[in-house]
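Report on one structure; see the data block that follows.
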Amino acid sequence: MNQKKSYFQLVVIILTLVLLLAACSGAADSESSEIPSQEVQTQTVEPKALEPQPQESTNDAVQADNQVVNEKTEDASLGKKDGVLNAIISNPQELFSEGRDQMAENDGGQFGSGVAEKRVNEERMELFSGDEGAYMPLNTRLRDFGSDNRSQQAILVKFQPENVNNLKFDFMGMGEFSISFEQNGWNFTDVKAFKKMAFADSTPNNFVLKGDALYYILVAFDSEANLRCMVWEENYYENQAYLEYSLYNGADDIFDSNWQMHIGFDANGQLNIYEYAVYTFDEMKENPPIIMVENPQNQGDDPGPEWAININGSFDAMSQGLVGNVELNEININSDKYSGYWLSDIMNFANAGADSATVVFGAEGVESMQVDTNNAFIAFKKNDEFMDGPYLCYDNNCNEYPVIEVQIN
């Protein structure tokens, strides 16, 4: 009996020890399971602390810097070919262009005959005039370069006037006009309207044409027959001349013009062409980048009442157009002072220079007079008072009838 009781007590002790060991093992497992959960919590908190705000601030600063760079780049483009082009016409679309290589392939490319010699060196085409001068067409008219017959037409030419006199760019369509560089600067002549004006009369400039400098000339026509022309020096944009002009003369056929360009200059000269391009576009832009200067040709002259003298049936020398373009002079006859212009200067301005001419007066039955243009004076003021028109002073006498026409003998 005692043996059984002892055996039973031994079993109870063993079971108690087993239970105690199991409980200790469960507590240990519980402690070990809590440690990873704490590590996970720490890992999830750390990413939340990484806020993206500093990166957004950096991007804003970069965008601000880029804006400044873009503004500087836009300013720096002023004077560059594409910068000026985009400032004067909107959405320019290049239809055709030729540089040195293209012009070398076909003895001048699109440029036709009319010069004594053409040479092509490493960077340009050189044009030489003979004893009779040069007058060379661009063979293809501007619309025919693939503009879908749009009336908006433009051409840009890069050139160097190495040794030229009386350089001109003529355009022929349903109208005809000339852009020429003369002693008084750039001039515009509307041939059909018998009108000539200096660029400086429209937009004052101090333009200088130098033989060792490179220039661009842009001529553009919009759908309403408005013309814009800009000439500027490649590396000195302030040396520029600008003109706006309406070619509309009352005849609607001017809107159908398909313009062809000719380039001309005097005898024994050299003009270098570097490149040219033909464009169409949408419309003219407002406020082009013009450098405004004080009118260098403003002599304070007042032409008084408007008048005109027809020169050789092809040009009207108008009083307003002569101011600043033809030198004003004074002569004295019989104690009277006359202000006006030498007839030879007026005729040279009209591109009709001649030593001898016939002067026609505006009165019936009055005979015309043959004169030496270098000694014939056209007066519009007497003793600082305006006369009612232009009067001929010749051989120490002033005619009593106004001049209306001059014919080359």
Side-chain angles (χ1 to χ4, degrees), residues 79 84 88 133-134 155-171 177-191 193-220 227-247 261-266 269-272 288-303 311 315-329 341-342 344-353:
V84 177
I88 294 181
I155 186 166
L156 180 75
V157 182
K158 182 179 180 180
F159 66 95
Q160 179 189 13
E162 183 163 330
N163 178 29
V164 296
N165 289 315
N166 293 323
L167 173 64
K168 60 182 178 179
F169 297 84
D170 290 351
F171 289 82
F177 67 89
S178 179
I179 296 165
S180 57
F181 188 83
E182 302 170 21
Q183 291 183 352
N184 66 313
W186 287 100
N187 289 273
F188 173 82
T189 302
D190 186 337
V191 176
F194 304 115
K195 184 176 182 180
K196 183 175 182 178
M197 62 183 294
F199 276 46
D201 289 344
S202 170
T203 306
N205 66 76
N206 285 319
F207 191 93
V208 178
L209 192 69
K210 298 170 286 189
D212 58 351
L214 301 181
Y215 299 89
Y216 286 101
I217 179 170
L218 171 66
V219 183
L227 163 73
R228 283 190 182 177
C229 178
M230 170 78 87
V231 190
W232 73 97
E233 186 176 338
E234 182 183 40
N235 295 318
Y236 182 39
Y237 184 63
E238 289 79 3
N239 187 24
Q240 62 167 240
Y242 178 77
L243 175 75
E244 293 184 2
Y245 183 81
S246 174
L247 292 164
M261 181 182 73
H262 292 70
I263 299 177
F265 52 97
D266 281 355
Q270 177 181 346
L271 176 70
N272 304 321
I290 308 305
I291 307 298
M292 295 295 294
V293 299
E294 182 180 354
N295 194 332
Q297 297 172 347
N298 184 8
Q299 304 172 14
D301 305 333
D302 182 356
I311 306 296
F315 182 85
D316 282 337
M318 304 180 69
S319 56
Q320 302 289 340
L322 296 178
V323 174
N325 295 316
V326 178
E327 184 179 359
L328 180 66
N329 288 277
Y341 311 99
W342 293 108
S344 57
D345 291 340
I346 295 177
M347 296 183 69
N348 287 332
F349 175 70
N351 291 324

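The side-chain hydrogen bond (donor to acceptor under 3.5 Å, both in side chains) search around Asp190 returns Tyr245, not counting sequence neighbours. For Tyr242, there are no ring pair (Phe, Tyr, Trp, His ring centres under 6.0 Å) partners, not counting sequence neighbours.
To the nearest 0.5 angstrom, Lys196 atom NZ is 13.5 Å from Asp316 atom CG. Rounded to the nearest 0.5 Å, atoms CZ (Arg228) and CD1 (Ile88) are 7.0 Å apart.
Phe181 places none of its side-chain heavy atoms less than 4.5 Å from the side chain of Val231. Taking the side chain as every heavy atom from C-beta outward, Asn351 and Glu182 approach each other to under 4.5 Å. Counting heavy atoms from C-beta outward, Val219 and Leu227 have side chains that approach closer than 4.5 Å. Proximity of Asn205 to Trp186: side-chain heavy atoms (C-beta onward) are nowhere separated by under 4.5 Å.
Aromatic ring centres of Phe207 and Tyr215: separated by under 6.0 Å. Aromatic ring centroids of Phe265 and Phe159 lie 6.0 Å or more apart.
For the residue pair Asn272/Gln270, the side-chain donor-acceptor check at 3.5 Å is satisfied.
More than 12 heavy atoms of other residues, nucleotides or ligands sit less than 6.0 Å from atom NZ of Lys158. At most 12 heavy atoms of other shown residues, nucleotides or ligands fall within 6.0 angstrom of atom CE in Met318.
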